[in-house]
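Data block below; observations after.
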2 protein chains.
Amino acid sequence: MTARASRGRRPGAPDTRAEVLAAARASFAEKGFRGTTIRAVAASAGVDPALVHHYFGTKDDLFVAALQIPVDPREVLAPVVAAGPDGAGERLLRTFLGVWDDPEVQPALVALVRSIMSDDTGALVRDAFIPVVIGPALASLVADRPEARVPLVVSQVVGLIVTRYVVAIPPMVAMPAEEVVARIGPVLQHYLTDDLP
Amino acid sequence: MTARASRGRRPGAPDTRAEVLAAARASFAEKGFRGTTIRAVAASAGVDPALVHHYFGTKDDLFVAALQIPVDPREVLAPVVAAGPDGAGERLLRTFLGVWDDPEVQPALVALVRSIMSDDTGALVRDAFIPVVIGPALASLVADRPEARVPLVVSQVVGLIVTRYVVAIPPMVAMPAEEVVARIGPVLQHYLTDDLP
DNA sequence: CGCACAATTCAACACATGATGAAAAACGTC
DNA sequence: GACGTTTTTCATCATGTGTTGAATTGTGCG
């Protein structure tokens, strides 16, 4: 019930901009792009809608601002790739969970995935992200025929993302990271290096 | 450029209702619930928006009408479950693909999944569908500790759904059903019956 | 203190959308 | 052929949304 009514600047030095950005991230993560309204973000930050426009311009701009996260997939994957194919499945999964379980970046990543799957931004993943970023990284880890193995790895990882972070089915959320690594890691390893039927 | 202008009933006996329903299914599958507008559905069916309301009432009603599909998961899963745990992974996957690759039901299923992941209908899957429908069916196929195994199976199957039908990444779409069965089936079997680490 | 500047709200516009009710045209039946 | 019924469009409304510009209040600097 923090009744905020008066016009003009607030006393003190509150970082209102950061609050708005956090509210936007949370809303984009939970409701997706279309489901998020500027008014709702403003209300959740205890602020007038016009202020959102003042800081971040249009709604699209707000969205890309909310997706700004300090994680470059190629950089994160580099050490995993450098260590070679032995035990790559578990290493891959461990670093992956290290990023996704970080509460600092999780909302932005979930928002990104939600938008990819609800709106037709799917093309971005389909045509650019996987072939350009993920594909080459995994390609040096697979035994052979990467065009057949990479999609399998991706499918299991995507399933993990959706069940653990997007839909958040309870047993998957409750599972400790190391347990996920121990149970799914071998499957990734299997997709990467075992003989294909 | 089929200029349709005149008022009143059309000559002939066109099944306009079915066309509207098909357009709605396609739009819900591609753009999700929020992304679908009554006007767009009407335009895609070459019809006035009011007609959509005339046949199916509100937008929610149209959505549930679009989701009406002649497939009961328990009924489909019954024979798979009845045959016991031996080779259950591949059988499960085969019948699963039989349903999802059917172009008659695919749009409705994709629409359902899209809505589950974009809007917060996720609760439906999280709290009802998996525990009540999928859980008990799989429970009789697993070796032990179903609460640990079922989520693993679900994660791989969800990953398959998303990559093959929702985001539709090309290598996954192009893969023949039997190849999917041969490559992912053993992994499901592993989750169902192999020793858990 | 005075003043430029930043932060914040208010009021309003333009637009798209879901929904409604009445009117017009074809059909089926007697 | 007359008539009730179904199918279809038109015109319209209320609402929520993104966006804009002006007005107001606090902060920091000279």
Side-chain angles (χ1 to χ4, degrees), chain A residues 1-25 27-28 30-67 111 115 118-120, chain B residues 1-25 27-28 30-67 111 115 118-120:
Chain A
M1 303 308 161
T2 51
R4 172 97 215 108
S6 75
R7 199 127 128 172
R9 189 170 187 159
R10 300 181 187 175
D15 196 354
T16 317
R17 194 193 138 100
E19 282 178 37
V20 171
L21 190 57
R25 279 215 182 91
S27 180
F28 282 133
E30 196 184 347
K31 321 236 187 207
F33 181 80
R34 285 219 173 83
T36 292
T37 91
I38 299 264
R39 284 170 157 86
V41 169
S44 158
V47 149
D48 188 273
L51 191 63
V52 179
H53 277 93
H54 173 67
Y55 280 131
F56 321 87
T58 164
K59 188 183 176 184
D60 290 346
D61 296 341
L62 176 62
F63 187 61
V64 316
L67 291 190
S115 94
S118 39
D119 313 328
D120 39 5
Chain B
M1 301 306 160
T2 53
R4 171 95 215 109
S6 75
R7 200 127 126 172
R9 190 172 186 159
R10 300 180 186 176
D15 195 354
T16 318
R17 194 192 137 101
E19 283 178 36
V20 170
L21 190 56
R25 279 215 182 91
S27 180
F28 282 133
E30 196 184 348
K31 320 235 188 206
F33 181 80
R34 284 218 173 86
T36 293
T37 90
I38 298 262
R39 284 170 156 86
V41 169
S44 159
V47 150
D48 189 273
L51 191 63
V52 180
H53 277 98
H54 173 68
Y55 279 131
F56 320 86
T58 165
K59 187 182 176 184
D60 290 345
D61 296 342
L62 176 62
F63 187 61
V64 317
L67 292 190
S115 95
S118 41
D119 312 329
D120 40 6

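Side chains are part of it too, since the values below use all heavy atoms of this structure and drop only hydrogens, waters and symmetry mates. Values in this document were obtained by computation on a predicted structure and should not be read as measured data. Every chain is numbered from 1, with letters handed out A, B, ... down the list of sequences.
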(message) Please tell me if A:Thr16 has a side-chain N or O lying less than 4.0 Å from either OP1 or OP2 of C:dT8.
(response) yes
(request) Of all the heavy-atom pairs spanning A:Arg34 and A:Lys59, show the shortest one and how long it is. (result) O-NZ, 4.1 Å
(request) Search all heavy atoms of A:Ala111 against all heavy atoms of A:Phe63 and return the closest pair with its distance. (result) O-CZ, 4.4 Å
Rounded to the nearest angstrom, tell me the gap between atom [atom1] in [X] and atom [atom2] in [N].
X       : N      : atom1 : atom2 : value
B:Arg7  : C:dA25 : CZ    : P     : 8 Å
B:Asp48 : C:dT17 : CG    : P     : 14 Å
B:Asp15 : C:dA26 : CG    : P     : 19 Å
B:Lys31 : C:dT17 : NZ    : P     : 11 Å

(request) Scan residues 39-62 of chain A for pairs that pass ring-ring contact (aromatic ring centres under 6.0 Å, His included), counting only residues two or more places apart or in two chains. (result) none
(message) Please determine whether any donor N or O and acceptor N or O are separated by less than 3.5 Å between the side chain of A:Arg39 and the base of D:dG16.
(response) no
(message) Would you say that A:Ile38 contacts A:Val41 through its side chain, given a criterion of any heavy-atom pair below 4.5 Å between the two side chains?
(response) no
(message) Would you say that B:Leu21 contacts B:Arg17 through its side chain, given a criterion of any heavy-atom pair below 4.5 Å between the two side chains?
(response) no
(message) Going by side-chain hydrogen bond (donor to acceptor under 3.5 Å, both in side chains), name the pairs with one or both residues in residues 35-51 of chain B, residues two or more places apart or in two chains.
(response) B:Ser27-B:Thr36
(message) Under 4.0 Å, heavy atom to any atom of DNA chain D: which of residues 49-62 of chain B qualify?
(response) B:Ala50, B:Leu51, B:His54, B:Tyr55
